[in-house]
Amino acid sequence: LQMPLNKMWEEYNKKRPTVISVKPLYKNKKVKPGLVQLSITFSEEMDTNFRGFDYGPLGENHIYRFKRIIGWTNNNRTFTIEVEVDPNKKYQTNITSNFRNKQGIRLRQYLIEFETKIK
């Protein structure tokens, strides 16, 4: 018995891991400029060999400056990086489907979007 392609895609999407939080980002709260640690928490344990970040819809001028990888914690469910951000600016980064869980199922892409405070 064969399943239609759209049904297969729907079933696959149900199995995909998701981003459940990005700290210290909160709705409508601006981030202090300077060095910021972003901790991305996923819905399940991830394969630590795969990760990916890309520009958001606003493009290259709205990406933060990557400083360093802090690493995986929380049973490989949280990935923390350190970035540098300027005052009074909007930032976007796409967390790509290069991230994947232990079974190799790719992450649903997630857009990180935030603004920084005026110095």
- prompt: Who are the ring-ring contact (aromatic ring centres under 6.0 Å, His included) partners of Y91, not counting sequence neighbours?
  reply: F114

Salt bridge (Lys or Arg N to Asp or Glu O under 4.0 Å) partner of E45, chosen from R77, K102, R100: K102

Quick check on the hydrophobic clustering: are [X] and [Y] connected, directly or via other members, by side-chain heavy-atom contacts under 4.5 Å?
X: I69; Y: L35; value: no
X: I20; Y: I95; value: no
X: L107; Y: L111; value: no
X: F66; Y: L38; value: yes

- prompt: How is the hydrophobic cluster of I105 composed, in terms of its other members, when Ile, Leu, Val, Met, Phe, Trp and Tyr link through side-chain heavy atoms under 4.5 Å apart, directly or indirectly?
  reply: W9, Y12

message: Suppose clustering is done on Ile, Leu, Val, Met, Phe, Trp and Tyr with side-chain heavy atoms closer than 4.5 Å. Which residues sit in the same group as I70?
response: none

Interatomic distance, [X] atom [atom1] to [Y] atom [atom2] [nearest 0.5 angstrom]:
X: Y110; Y: T93; atom1: OH; atom2: OG1; result: 11.5 Å
X: E115; Y: K29; atom1: CD; atom2: NZ; result: 14.5 Å
X: E113; Y: Q92; atom1: CD; atom2: CD; result: 4.5 Å
X: T78; Y: M46; atom1: OG1; atom2: CE; result: 11.0 Å
X: N76; Y: N101; atom1: CG; atom2: CG; result: 12.0 Å

So which heavy atom on [X] is nearest to which on [Y], and how close?
X: T116; Y: P87; result: OG1-C, 3.4 Å
X: P17; Y: S43; result: CA-OG, 3.5 Å
X: D86; Y: R65; result: OD1-NH2, 2.9 Å
X: V31; Y: L25; result: CG2-CD2, 3.4 Å

Can you check whether [X] reaches [Y] side chain to side chain, under 4.5 Å on heavy atoms?
X: F79; Y: F99; result: yes
X: V19; Y: F42; result: yes
X: K67; Y: V83; result: no
X: Y64; Y: I81; result: yes

- prompt: What pairs meet the salt bridge (charged side-chain N to carboxylate O under 4.0 Å, His left out) rule with one or both residues in residues 12-26, with sequence neighbours excluded?
  reply: E11-K14

- line: The side chain to side chain donor-acceptor pair (under 3.5 Å) partners of S97 (sequence neighbours excluded) come to none

For residues 49-63, please give each side-chain donor-acceptor pair under 3.5 Å, one per line with the distance, not counting sequence neighbours.
residue : atom : partner : partner atom : Å
N49     : ND2  : D47     : OD1          : 3.2
H62     : ND1  : K90     : O            : 2.9

